[in-house]
2 protein chains.
Amino acid sequence: MLGMYRLSTSRRPRADARRNYDRLLAEADAAFRERGVDASLESIARRAGVAIGTLYGHFPSRRVLVGALLRERNETLFELGDGLLAHQTPDALATWVRAATAHAATYSGLASLLASGLDDEASELHTSCLRMADIGERLIAWARESGIVRADATGADLTALTTAAAWLREHMSLEGADRLITLTLDGLAPARPTLAGTR
Amino acid sequence: MLGMYRLSTSRRPRADARRNYDRLLAEADAAFRERGVDASLESIARRAGVAIGTLYGHFPSRRVLVGALLRERNETLFELGDGLLAHQTPDALATWVRAATAHAATYSGLASLLASGLDDEASELHTSCLRMADIGERLIAWARESGIVRADATGADLTALTTAAAWLREHMSLEGADRLITLTLDGLAPARPTLAGTR
């Protein structure tokens with residue numbers, strides 16, 4: 001009986017912690033969808049029925065919380081990217097940019113968060129940004145070699161486009177963002193007359 | 001003497017009001033440059049040496065204050081736009097987009113403010129947004145007729161590009177924003193193969 005009691009006390013805290021963790025994630029997802037990634041962490045803790053200290057115990061910063069929330073969606077996006085790299089169909093770049101844009105627009109304010117912070121090198125959010133950038137770099141390298149984009153096209157072009165289009169989706173319209181993607185991808189096509197005068 | 005006194009008392013309030021107005025504008029410009037358009041209005045009033053009620057007396061809302069601050073810069077931009085429309089040089093569109101982008105990035109957060117609010121139809125900020133959109137529409141109409149942009153190019157394309165590039169300048173880099181402008185303008189050039197698959 002003593003053994004069972006010990007087992008029980010050693011397990012319950014972990015079970016409680018897991019339940020709190022899941023509740024916090026669910027409430028944070030609801031709050032971020034409703035009010036954007038700047039939603040009050042105090043209010044998220046309250047709705048999850050835990051103290052703010054418990055929230056910080058699981059998620060030391062807002063970025064860590066966002067990183068945890070995006071984990072599953074990130075994996076789905078990375079699988080898509082890997083598949084596009086493997087199959088190399090002509091629409092691979094467009095498919096990637098549109099999927100990455102939708103991803104970066106999951107929550108209001110997420111595009112700003114992604115654009116602002118590459119200074120927390122240990123965070124999951126940072127790691128997933130690097131992985132997205134890496135997929136973009138490899139897709140562009142393949143597209144350059146295949147001659148379907150201009151010679152000066154870079155992965156940074158895709159990152160800038162994706163982030164700006166995600167912000168446009170939020171602040172202007174889905175149509176406006178999609179149109180910017182279309183025009184920029186067309187601008188990435190090789191060897192054409194230029195309006196911008198810098199090519 | 002009585003006449004002079006009356007003159008003096010009737011003029012002083014107006015002179016005080018004018019001085020407060022100018023001080024508020026100067027402090028708001030400094031605060032917005034330092035902390036963006038979301039800077040505290042209370043702190044602006046305090047630094048201008050007036051009560052918050054005096055600030056609201058001159059500027060009933062943050063958007064009215066921003067509109068007043070942008071007045072001179074708007075006039076300069078509109079003159080540029082009118083000149084571009086009059087002279088119709090091949091680089092007119094690129095010049096306009098780059099100038100309008102720099103304008104929309106005057107303060108941090110301004111791009112979001114411009115993108116968000118077209119619901120206050122009486123405001124000076126709204127009127128200047130309409131004037132900017134009108135110049136863009138007329139430049140695109142001329143460029144379409146001249147065959148230097150694709151047939152489906154619209155003024156809305158320029159507005160979306162300008163706003164997104166202004167946001168990128170602020171959140172990513174000047175170079176990233178300028179590159180997006182170059183690629184999108186190239187994408188607006190007529191009749192080319194497409195990557196986006198929607199043309």
Side-chain angles (χ1 to χ4, degrees), chain A residues 89-95 97-98 108-109 111-118 143 147-150 152-154 156-173 175-199, chain B residues 89-95 97-98 108-109 111-118 143 147-150 152-154 156-173 175-199:
Chain A
T89 53
D91 64 350
L93 265 189
T95 303
V97 167
R98 293 210 161 86
S108 160
S112 299
L113 196 70
L114 294 174
S116 68
L118 290 175
I148 62 173
V149 293
R150 52 206 276 173
D152 68 350
T154 67
D157 293 340
L158 297 193
T159 302
L161 170 59
T162 298
T163 321
W167 180 83
L168 268 187
R169 263 174 83 121
E170 177 189 330
H171 284 84
M172 198 160 280
S173 66
E175 294 70 29
D178 207 57
R179 174 75 172 166
L180 185 75
I181 291 173
T182 298
L183 292 175
T184 307
L185 289 176
D186 283 349
L188 279 168
R192 294 165 296 93
T194 177
L195 270 176
T198 58
R199 195 167 174 185
Chain B
T89 54
D91 64 350
L93 264 189
T95 303
V97 168
R98 293 211 161 86
S108 161
S112 299
L113 195 71
L114 294 174
S116 68
L118 290 175
I148 61 173
V149 293
R150 52 206 274 175
D152 67 351
T154 67
D157 293 340
L158 296 193
T159 302
L161 169 60
T162 298
T163 321
W167 180 84
L168 267 187
R169 262 174 84 121
E170 178 189 328
H171 284 84
M172 198 160 279
S173 66
E175 294 70 30
D178 207 58
R179 174 74 173 168
L180 186 75
I181 291 173
T182 298
L183 292 175
T184 307
L185 289 176
D186 283 348
L188 279 167
R192 293 165 297 93
T194 177
L195 271 175
T198 58
R199 194 166 173 183

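Chain identifiers are assigned alphabetically (A, B, ...) following the order of the sequence lines, protein sequences preceding nucleic acid strands; residue numbering begins at 1 within each chain.
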(message) Rounded to the nearest 0.5 Å, what separates atom CG in Leu158(B) from atom CG in Leu183(A)?
(response)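 The CG atom of Leu183(A) is 9.5 Å from CG of Leu158(B), to the nearest 0.5 Å.
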(request) Locate the shortest heavy-atom distance separating Arg179(B) from Thr154(A); write the atom from each residue and the value. (result) NH2-N, 4.4 Å
(request) Tell me, out of Ala111(B), Gly176(B), Ala156(B), who's got the most heavy-atom pairs with chain A below 4.5 Å. (result) Ala111(B)
(message) So Leu180(A) and Leu161(B), do their side chains get closer than 4.5 Å, heavy atoms only?
(response) yes
(request) Would you check if Met172(B) and Thr163(A) make a side-chain contact, meaning some heavy-atom pair closer than 4.5 Å? (result) yes
(message) Quick check on Leu168(B) against chain A: is it the side chain, the backbone, both or neither that has a heavy atom closer than 4.5 Å?
(response)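 Contact with chain A is through the side chain of Leu168(B) alone.
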